[in-house]
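Worksheet: the structure to be examined is printed underneath.
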Amino acid sequence: MGWRHLLIRKPGKLSVRYNQLVIEQEEKVSIPLEDICSIIIEEQAVSITAIALSKMAEHNIALFTCDQKRLPNGLLQPFQKHSRQVGVLHMQYAYSKPFKKRIWQRIVIQKLINQGKCLEFLNKEGANELYRISKTVDSGDSNNREAYGAKKYFQYLFGNEFTRRSDSVVNTSLNYGYAIMRGLVARSLVGYGFFPCLGIYHDNELNKFNLADDFMEVLRPLVDLYVAQHIQPDDEFSPSVRADLYNLTNMDILVNGEKLTVVNAVEEMTKSFVTASRSQDPSLLKLPELLPLQLHVYE
């Protein structure tokens with residue numbers, strides 16, 4: 001499984017030679033395709049050969065394109081190459097309502113717990129209230145604790161004047177980080193044969209990533225934690241900020257008592273969702289638990 005994340009910021013050319021991605025800029029470097037997990041291309045003047053795109057899809061490399069504001073606006077996905085694609089599709093369509101409602105309940109509970117941990121790590125008020133709200137989530141979150149908790153959470157995190165609709169560097173940074181997390185979750189789901197447009201809770205007909213949007217909810221507080229710790233309202237959305245947000249993929253996060261990188265945690269989450277789906281047992285789903293920001297160290 002790929003583990004390297006590449007950020008392309010200078011004009012150049014990407015091609016493939018002997019199963020290595022060749023990056024030609026001021027210097028030429030080659031990286032084994034099997035080592036690469038994701039690539040973000042910020043620079044507009046980058047050309048990519050057709051065979052490079054094909055090989056990236058073959059190796060399930062998440063390729064992000066960016067708009068002129070350097071925000072991710074596109075994601076290359078492989079064309080459903082899983083060996084049992086139809087079987088996975090039937091499985092997704094066959095999910096019972098109780099199963100989907102209990103999966104969503106678990107996601108909302110873990111999201112609220114992670115939001116509480118985010119506030120706790122920042123020494124802000126509100127953590128205990130988020131933990132209390134997490135204990136009131138019912139099957140399917142019919143009482144909408146997720147939205148209620150989010151409103152409380154952002155007030156504790158950024159103050160009462162904060163709104164997600166404003167065009168601020170805080171919101172831009174949040175959107176950038178969320179886009180990376182969403183892309184990594186979508187990459188993992190596709191790798192296991194899921195159709196990311198078929199969500200558990202999210203069901204927007206115009207959204208190709210409903211299922212990814214379901215599972216990325218538990219990862220949002222990781223981005224929130226970085227932004228609240230490092231971004232001030234007067235800051236610029238600088239290259240170093242974007243690099244740090246991208247590097248969140250290499251941070252520690254806890255899954256089933258084990259510290260993993262975010263990328264590996266997403267893989268474990270998806271793998272456990274496969275197990276839960278086959279047995280129709282939501283309790284088998286493993287969801288990431290937030291830790292203080294710390295780069296993962298391989299032992």
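All of these numbers come straight from a predicted model, not from anything done at the bench.
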Practice item. Applying side-chain hydrogen bond (donor to acceptor under 3.5 Å, both in side chains), run through Ser139 and Gln105 and close with a yes or a no. Key: CA-CA 5 Å; Ser139 178; Gln105 178 188 26; 4.7 Å; no

Practice item. Begin from the C-alpha positions of Asn143 and Arg145 and carry the test side chain to side chain contact (heavy atoms under 4.5 Å, CB included) through to its verdict. Key: CA-CA 6 Å; Asn143 49 4; Arg145 297 288 87 183; 3.3 Å; yes

Point to revise | Worked verdict on Cys118 versus Leu157 for side chain to side chain contact (heavy atoms under 4.5 Å, CB included) | key: CA-CA 9 Å; Cys118 177; Leu157 193 59; 4.0 Å; yes

**Study point:** Check against side-chain hydrogen bond (donor to acceptor under 3.5 Å, both in side chains), Tyr201 and Asp141
**Key:** CA-CA 10 Å; Tyr201 172 78; Asp141 190 26; over 6 Å; no

**Study point:** Derivation and outcome, side-chain hydrogen bond (donor to acceptor under 3.5 Å, both in side chains), residues Ser173 and Tyr226
**Key:** CA-CA 9 Å; Ser173 301; Tyr226 170 83; over 6 Å; no

Point to revise | Criterion side chain to side chain contact (heavy atoms under 4.5 Å, CB included) on Leu63 and Ile39, from CA distance to verdict | key: CA-CA 5 Å; Leu63 175 68; Ile39 302 172; 3.8 Å; yes

Exercise for review: Report the C-alpha separation of Asn19 and His59 in whole Å, then their side-chain angles, then the decisive distance to 0.1 Å, and conclude whether the side chain to side chain contact (heavy atoms under 4.5 Å, CB included) test is met.
Suggested key: CA-CA 10 Å; Asn19 273 329; His59 286 77; 4.1 Å; yes

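Under the 3.5 Å distance criterion, the side-chain polar atoms of Glu27 are left unmatched by any main-chain donor or acceptor of Glu24. The closest donor-acceptor contact from the side chain of Asn114 to the backbone of Pro288 lies under 3.5 Å. Of the possible donor and acceptor atoms, none in the side chain of Asp35 sits under 3.5 Å from a partner among the backbone N and O of Pro32. No donor-acceptor distance shorter than 3.5 angstrom exists from the side chain of Ser54 to the backbone of Ala50, with no hydrogens or angles considered. Judged by distance alone, with hydrogens and angles left aside, the side-chain atoms of Arg242 form no donor-acceptor pair with the main-chain N or O of Arg70 at under 3.5 Å. Counting only distance, with no hydrogens or angles, the side chain of Asn175 and the backbone of Asn171 share a donor-acceptor pair below 3.5 Å. Here the side chain of Gln25 pairs a donor or acceptor atom with the backbone of Lys10 at under 3.5 angstrom. A distance-only check finds no donor-acceptor pair linking the side chain of Thr261 to the backbone of His296 [under 3.5 Å].
Looking at Phe237 and Tyr176, their side chains come closer than 4.5 Å, going by heavy atoms from C-beta outward. Counting only heavy atoms from C-beta outward, the side chains of Leu130 and Leu112 approach each other to under 4.5 Å. Between Ser30 and Tyr18 there is no side-chain heavy-atom pair separated by less than 4.5 Å. Side-chain contact between Ile200 and Phe273 is present, with at least one heavy-atom pair separated by less than 4.5 Å. Between Arg164 and Leu174, the closest side-chain pair of non-hydrogen atoms falls below 4.5 Å. Between Leu222 and Leu293 there is a side-chain heavy-atom pair separated by less than 4.5 Å. Looking only at side-chain heavy atoms (C-beta outward), Met56 and Leu21 come within less than 4.5 Å of each other. Contact annotation: the side chain of His230 never approaches that of Val241 to less than 4.5 Å [non-hydrogen atoms, C-beta and beyond].
When all heavy atoms of Phe194 and Leu211 are compared, the pair lying nearest together is CB-CD2, 4.0 Å. Nearest approach of Ala228 to Leu122, heavy atoms of both residues: CB-CD1, 3.6 Å. Annotation for Pro11 and Val46: closest pair CA-CG2, 4.4 Å, computed over non-hydrogen atoms. A pairwise comparison of heavy atoms in Met181 and Val223 identifies CG-CG2, 4.0 Å as the closest pair. Considering every non-hydrogen atom in both Val169 and Ile231, the closest pair reads CG1-CG2, 3.9 Å. Summarising the geometry of Leu284 relative to Ser279, their closest heavy-atom pair is CD1-OG, 3.1 Å, with the distance given to 0.1 Å.
Using a 4.0 Å cut-off between charged nitrogen and carboxylate oxygen, Glu120 and Lys117 do not count as a salt-bridge pair. The pair Glu42-Arg9 meets the salt-bridge criterion, with a side-chain N (NZ, NE, NH1 or NH2) lying under 4.0 Å from an Asp/Glu carboxylate O. Arg187 and Glu267 are joined by a salt bridge, as a carboxylate oxygen and a charged side-chain nitrogen come within less than 4.0 angstrom of each other.
A distance of 9.0 Å separates CD1 of Ile36 from CD of Gln20, quoted to the nearest 0.5 Å. Interatomic distance, CD1 of Ile40 versus CD1 of Ile180, reported as 3.0 Å (0.5 Å rounding). Put simply, CD on Gln294 and CG on Asp252 are 6.0 Å apart, with the number rounded to the nearest 0.5 Å. Annotation: the span from Leu287 atom CG to Ile109 atom CD1 amounts to 9.5 Å, rounded to 0.5 Å. Atoms CD and CD, on Glu125 and Gln155 in that order, are 12.5 Å from each other to the nearest 0.5 Å. Between the CD1 atom of Ile51 and the CZ atom of Arg17 there is a distance of 13.0 Å, given to the nearest 0.5 Å.
At a cut-off of 3.5 Å, with distance as the only test, a side-chain donor of Glu129 or Tyr156 sits close to an acceptor on the other residue. Between the side chains of Asn264 and Glu268, not a single donor N or O lies within less than 3.5 Å of an accepting N or O.
Between Phe162 and Phe158, the ring-plane angle classifies as tilted under the 30° and 60° cut-offs.
Linking Ile, Leu, Val, Met, Phe, Trp and Tyr residues whenever their side-chain heavy atoms come within less than 4.5 Å places Met251 and Tyr178 in a single cluster. Ile61 and Leu76 fall within a single hydrophobic cluster, where Ile, Leu, Val, Met, Phe, Trp and Tyr side chains are chained together by heavy-atom contacts under 4.5 Å. The same ILVMFWY cluster, assembled from side-chain heavy atoms under 4.5 Å apart, contains both Leu33 and Ile23.
Each of Val185, Leu75, Asn204 was checked for a side chain to side chain contact (heavy atoms under 4.5 Å, CB included) with Phe209, and the lone residue meeting it is Leu75. If you run side-chain hydrogen bond (donor to acceptor under 3.5 Å, both in side chains) between His202 and each of Asn210, Asp214, Asp213, Asn207, only Asp214 comes through.
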